[in-house]
Amino acid sequence: MGQALMHYRIFETASGFCGIVWNEAGITRFQLPTSKADTAERMLLRRASGAQRSSPTQHVSDAIAAAIRYFNGEETDFSTFKLDLSEQDSFSTEIYAATRQLGWGRTTTYGALAKQLGAGPEAARDVGQAMARNPVPLIIPCHRVLAAGGKVGGFSAPGGATAKARMLELEGVHTEPSPPVQKSFGF
């Protein structure tokens, strides 16, 4: 069976330009905001080569409208949007399903999510790796998964941990900054 035809759209939000990719099964990719439309398009197509620029379906239009509302600071629920995660392994799919249950302004930690899924604390790293590979950030709200102690932790999207903290601030969540990396001993 051949790969499903993929479509994409770049759109502007209050935080910058986002992108979305979909096929007939659901949304397959989401690009968090960048400062330029061509940057968003380039980053999106790096992971969705062959996607064709298209007019969005009603389902995708609704997802775009929800993303625009989100970046305007309006409480938004992405949990009902249909996704196509067929390229993901089963454990990642479980992690993503649990993460989608985290509503606006709610957070958890990598370790707590691993425990919720019945895995030991050693699986926290696996949860973090799944978050880093999340193909549809925002729709699967990986920004709501924090490091131990409420620290922001990593974020593989443009702007890194700063972007993650800004997204959480939009939702009224204030996080502890991660400790600075020591660059030298200074003596």
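The model shown is predicted, which means the values in this text are computed figures rather than measured ones.
- L5 has its side chain within reach of H7: a pair of non-hydrogen atoms, C-beta onward, lies under 4.5 Å apart.
- Between L32 atom CG and I139 atom CD1 the span is 9.5 Å, to the nearest 0.5 Å.
- Hydrophobic clustering of Ile, Leu, Val, Met, Phe, Trp and Tyr side chains at less than 4.5 Å, counting indirect connections, unites M167 with F78.
- The environment of R133 atom CZ is dense: over 12 non-hydrogen atoms of other residues, nucleotides or ligands sit within 6.0 angstrom.
- With rounding to the nearest 0.5 Å, the separation of CD1 in I95 from OG in S90 is 9.5 Å.
- Between the NZ atom in K164 and the CD atom in E169 there is a gap of 13.5 Å [rounded to 0.5 Å].
- Scanning all heavy atoms of the two residues, the minimum distance from A114 to A124 falls at CB-N, 3.9 Å.
- By the criterion of side-chain heavy atoms lying less than 4.5 angstrom apart, applied directly or through intervening Ile, Leu, Val, Met, Phe, Trp or Tyr residues, I64 is not grouped with L44; the two fall into different hydrophobic clusters.
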Show the numbers, then the answer: is there a side-chain contact (heavy atoms from CB on, under 4.5 Å) between R144 and L168?
CA-CA 7 Å; R144 296 178 183 150; L168 289 167; 4.3 Å; yes

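- E171 CD to E74 CD: the interatomic distance, rounded to the nearest 0.5 Å, is 13.0 Å.
- N23 contributes no side-chain N or O that, together with a main-chain N or O of D84, makes up a donor-acceptor pair within less than 3.5 Å.
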Evaluate side-chain contact (heavy atoms from CB on, under 4.5 Å) for L83 paired with R100, printing each intermediate quantity in order.
CA-CA 11 Å; L83 304 177; R100 287 189 88 187; 3.4 Å; yes

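- No continuous path of hydrophobic side-chain contacts links L146 to L102 [ILVMFWY only; heavy atoms under 4.5 Å].
- Summarising the geometry, atom CD belonging to E94 is positioned 10.5 Å from atom CD belonging to Q116; distances are rounded to the nearest 0.5 Å.
- Closest non-hydrogen pair, Q88 versus S92, comes out as CB-CB, 4.5 Å.
- In this structure, the side chain of S15 does not engage the main chain of T13 through any donor-acceptor pair within 3.5 Å.
- A donor-acceptor pair is defined here as one N or O able to donate and one able to accept, closer than 3.5 Å; such a pair exists between the side chain of Y96 and the backbone of A130.
- Hydrophobic clustering keeps F17 apart from M43 (ILVMFWY residues linked when any side-chain heavy atoms are closer than 4.5 Å, directly or through intermediates).
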Let's go through W104 and D77 carefully: what are the C-alpha distance in whole Å and the side-chain angles of both, what is the deciding distance for side-chain contact (heavy atoms from CB on, under 4.5 Å) to 0.1 Å, and is it a yes or a no?
CA-CA 7 Å; W104 176 273; D77 178 11; over 6 Å; no

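- In terms of modelled atom types and a separation under 3.5 Å, the side chain of T162 and the main chain of G160 share no donor-acceptor contact.
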Might you work through the side-chain contact (heavy atoms from CB on, under 4.5 Å) test for N72 and R69, ending with a clear yes or no?
CA-CA 5 Å; N72 281 336; R69 285 193 309 275; 5.5 Å; no

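- Scanning both residues, A63 and I27, for their nearest heavy atoms gives CB-CD1, 3.7 Å.
- Checked by atom type and distance alone, the side chain of R9 never pairs as donor or acceptor with a backbone atom of I20 at under 3.5 Å.
- A donor-acceptor contact shorter than 3.5 Å is absent between the side chain of S49 and the backbone of L45.
- Of the options V136, D62, I140, a side chain to side chain contact (heavy atoms under 4.5 Å, CB included) to F81 is made by D62 and by none of the others.
- Counting heavy atoms from C-beta on, the side chains of T99 and M131 come closer than 4.5 Å.
- By the criterion of side-chain heavy atoms lying less than 4.5 angstrom apart, applied directly or through intervening Ile, Leu, Val, Met, Phe, Trp or Tyr residues, V21 is not grouped with F30; the two fall into different hydrophobic clusters.
- Nearest heavy-atom pair, R29 versus A48, reported as atom, atom and distance to 0.1 Å: CG-CB, 4.4 Å.
- The distance from the CZ atom of F71 to the CG atom of L170 is 7.5 Å, given to the nearest 0.5 Å.
- The heavy-atom pair separating K36 from T34 by the smallest distance is O-OG1, 2.9 Å.
- The two residues A66 and T76 come nearest to each other via the heavy atoms O-CG2, 3.4 Å.
- Residues L85 and P135 meet the side-chain proximity criterion, which asks for heavy atoms closer than 4.5 Å.
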